[in-house]
Amino acid sequence: MTTNVGTVDRTLRLIVGAALVVAPLINFLGLGANSIAAYAMIAVGGILALTAVFGLCPIYSLLGVKTKS
């Protein structure tokens, strides 16, 4: 499959994804108090990080969006 996520998009996804994974782990602003929210944040952050690493977003593929030039 070809990549469909551009450089700026990948960078933002990686930064936000890493923040979402790390925040509940360090209990930032008490976010670790609710375990369901913490697991959700880790899952979403992991997905964002993976799409950034591989440069492929399945939702973009479904919608026909391509941020890579």
Side-chain angles (χ1 to χ4, degrees):
M1 291 188 115
T2 61
T3 59
N4 60 1
V5 181
T7 306
V8 175
D9 195 1
R10 288 175 86 167
T11 305
L12 290 174
R13 285 172 184 259
L14 191 58
I15 291 169
V16 172
L20 285 173
V21 169
V22 171
L25 296 177
I26 62 171
N27 203 11
F28 182 69
L29 297 175
L31 294 172
N34 185 353
S35 62
I36 294 174
Y39 287 129
M41 289 175 66
I42 292 170
V44 170
I47 291 168
L48 285 174
L50 285 174
T51 58
V53 169
F54 291 112
L56 179 67
C57 179
I59 294 175
Y60 279 8
S61 296
L62 289 173
L63 297 175
V65 175
K66 189 173 186 180
T67 59
K68 184 177 179 182
S69 53

Given Val5 and Arg13, is the side-chain contact (heavy atoms from CB on, under 4.5 Å) satisfied, shown in steps?
CA-CA 10 Å; Val5 181; Arg13 285 172 184 259; 3.9 Å; yes
Of Leu20, Leu25, Ile47, which meets side chain to side chain contact (heavy atoms under 4.5 Å, CB included) against Ile42?
Leu25
What's the separation between atom CG in Asp9 and atom NZ in Lys68, rounded to the nearest 0.5 Å?
12.0 Å
Pairwise distance CZ(Arg10) to CG(Leu56) - rounded to 0.5 angstrom:
10.0 Å
Show your reasoning for whether side-chain contact (heavy atoms from CB on, under 4.5 Å) applies to Thr51 and Tyr60.
CA-CA 11 Å; Thr51 58; Tyr60 279 8; over 6 Å; no
For atom CG of Leu62, decide whether the heavy atoms of other residues, nucleotides or ligands shown that lie under 6.0 angstrom number more than 12.
yes
Does a donor on one side chain sit under 3.5 Å from an acceptor on the other, for Ser61 and Asn4?
yes
Got more than 12 heavy atoms from elsewhere within 6.0 Å of CG, Leu63?
yes
